[in-house]
Amino acid sequence: MQNYAEAVKDFVERNATGLTVAFVAGAGVLALRRWMAGGVCRSKVRLDGKTVLITGANTGIGKETALDMAQRGARVILACRDMTRAHIAADEIRQRSGNGNVVVKKLDLASLQSVRDLAKEVQEKEDRLDILINNAGVMMCPKWKTEDGFEMQFGVNHLGHFLLTNCLLDLMKKSTSSRVVIVSSLAHEKGHIHFDDINLDKEYKREVSYRQSKLANVLFCRELAARLQGTGVTVYSLHPGVIRTELGRHLFPTLALWKRIIAIPFFMLIKSPWEGAQTTIYCAVDESLANDSGLYYSDCAPKTAAPQALDDAAAKKLWELSASMVGLV
């Protein structure tokens, strides 16, 4: 044992510099990982007797959000396009939460008719809707079009949710106090609403389209909050963080090999779906937000959105354009 201790001591003395560098680097990586994990929702509020609808809740942060809502006792509606995966997710959520009141409903946000069908079913069969979480989305896809001919990212990320929310507002007003939570992205900071070419037919760039759709989310939140003043329905938009989910499935395979190799270690540092869901959960349940509406959040705290997301004239203009596109006027 004495010889072993002396060997260790000798090794440490001879490699002091290298060990110090390794220790500092390791501590730095751990600190970076913890920083990137972001905030955590600390609210213990129960949701017994309340109903929550979450779009895209069969995977990623939507699924983690649904699990949290179920654990709080809510009736949880998973509104999803892929029914097979949605039923699998619902079974897992029921098992893990001990809450059997988890149901699945069909929703394809790329089809306005599907949105209307879901809204009609919810209005007819549900007594209340306390929390609507607009979570589903598509990112960096090719130049695809929705069933109704809209550019896919704008159509799914904004227009589908715009129509769904408006169709469910009467039920939410009856269920006050209720909340609308809109999952946006930090990408909105580089976004611009192309009012003269909303479907980007002149020149399509997937990153431009994604940024436009995420800016539309924040502007929608702002205008919706203004229109709902005094109704008991509050609205929140948020950046969930950079997360290990399927959302990047259209982006990663298109990267050059060297970029993918460099990105792999970075994936170990970014948020897990559970961590990424925390700000959504915070906006949905935290008691301190009860009197706030129209604000933008990140890491479970209010943040200042980009200047173009604070433009009330643009928010109103986008609302009018969106209403026209989905047939609400």
Side-chain angles (χ1 to χ4, degrees), residues 37 40-41 43 45-111 114-115 117-119 121-122 125-126 128-139 141 152 156-157 160-161 164-165 168 179-185 217 238 240-252 267 270-285:
V40 175
C41 178
S43 173
V45 69
R46 296 288 303 173
L47 298 175
D48 303 280
K50 296 190 174 184
T51 299
V52 182
L53 189 153
I54 308 170
T55 67
N58 64 308
T59 187
I61 64 174
K63 182 180 175 183
E64 290 292 343
T65 302
L67 174 61
D68 183 276
M69 300 294 109
Q71 290 172 332
R72 295 175 188 270
R75 171 175 170 78
V76 182
I77 301 171
L78 313 185
C80 305
R81 180 176 57 86
D82 188 327
M83 295 299 282
T84 299
R85 297 182 68 186
H87 282 294
I88 293 173
D91 287 340
E92 181 183 339
I93 291 168
R94 293 187 199 106
Q95 183 176 15
R96 292 176 62 186
S97 67
N99 181 350
N101 203 3
V102 178
V103 299
V104 172
K105 294 187 185 295
K106 175 72 174 180
L107 172 64
D108 182 355
L109 287 162
S111 165
S114 177
V115 174
D117 290 344
L118 171 68
E121 182 181 356
V122 170
K125 295 184 178 180
E126 301 295 330
R128 61 187 302 120
L129 181 58
D130 302 271
I131 303 172
L132 170 62
I133 300 177
N134 293 335
N135 164 81
V138 61
M139 182 178 79
C141 65
M152 183 65 72
V156 168
N157 297 349
H161 284 126
L164 178 65
T165 303
L168 295 175
R179 301 186 183 191
V180 178
V181 179
I182 303 170
V183 179
S184 180
S185 169
N217 290 154
L238 65 100
V242 182
I243 309 156
R244 296 192 300 273
T245 71
E246 297 178 6
L247 190 61
R249 61 185 177 275
H250 299 299
L251 175 63
F252 191 71
F267 288 154
I270 62 180
K271 290 183 178 183
S272 67
W274 181 87
E275 292 165 341
Q278 293 305 302
T279 304
T280 301
I281 297 166
Y282 173 79
C283 290
V285 305

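The residues of the chain are indexed from 1 along the displayed sequence. Quantities reported herein were computed from a predicted structural model and do not represent experimental measurements.
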In this structure, CG of L78 is separated from OG1 of T59 (nearest 0.5 Å) by 12.0 Å
#### Entry: Check against side-chain contact (heavy atoms from CB on, under 4.5 Å), I77 and I54
CA-CA 6 Å; I77 301 171; I54 308 170; over 6 Å; no
With a 3.5 Å distance limit and no angle check, can you tell me whether R46 reaches the backbone of Q71 through a side-chain donor-acceptor pair?
yes
So the salt bridge (charged side-chain N to carboxylate O under 4.0 Å, His left out) pairs with at least one residue in residues 99-110 (sequence neighbours excluded) are K105-E121
In short, G276 meets P240 closest at the heavy-atom pair O-CB, 3.5 Å
Is the shortest side-chain heavy-atom distance between S114 and L107 below 4.5 Å? yes
Within-4.5 Å side-chain heavy-atom neighbours: V181 and L238: yes
Across all chains, not counting sequence neighbours, the salt bridge (charged side-chain N to carboxylate O under 4.0 Å, His left out) partners of D130 are R128
Across all chains, not counting sequence neighbours, the side-chain contact (heavy atoms from CB on, under 4.5 Å) partners of N99 are A70, S97, N101
Scan the side chains in residues 60-69 for donor-acceptor partners under 3.5 Å anywhere in the protein, sequence neighbours excluded, and list what turns up.
| from | atom 1 | to | atom 2 | distance (Å) |
| --- | --- | --- | --- | --- |
| K63 | NZ | E92 | OE1 | 2.7 |
| T65 | OG1 | I61 | O | 2.7 |
| D68 | OD1 | R72 | NE | 2.5 |

* Output yes when a side-chain donor or acceptor of E275 lies under 3.5 Å from a complementary backbone atom of S272, and no otherwise. => yes
Here the pair of heavy atoms bringing L109 nearest to G160 is CD2-C, 3.6 Å
N217 meets the side chain to side chain donor-acceptor pair (under 3.5 Å) criterion, sequence neighbours left out, with K214
Look at the side chain of N135 and the backbone N and O of G56, then say whether any donor-acceptor pair between them is shorter than 3.5 Å.
yes
Across all chains, not counting sequence neighbours, the side chain to side chain donor-acceptor pair (under 3.5 Å) partners of S111 are E147
task: List the steps, then state whether side-chain contact (heavy atoms from CB on, under 4.5 Å) holds for R75 with V103.
output: CA-CA 8 Å; R75 171 175 170 78; V103 299; 3.7 Å; yes
Separation between OG1 (T280) and CD1 (I182), nearest 0.5 Å, reads 11.5 Å
- Message: So V104 and M83, do their side chains get closer than 4.5 Å, heavy atoms only?
- Response: yes
All heavy atoms of G137 vs all of V156, minimum pair found to be CA-CG1, 4.3 Å
*Which is it for I88 and N58 under the side-chain contact (heavy atoms from CB on, under 4.5 Å) test, yes or no, and what are the steps along the way?*
CA-CA 8 Å; I88 293 173; N58 64 308; over 6 Å; no
With distance as the sole test, does N134 use its side chain to make a donor-acceptor pair with the main-chain N or O of T55 at under 3.5 Å?
no
* Is the closest side-chain heavy-atom distance between I133 and R179 below 4.5 Å? -> no
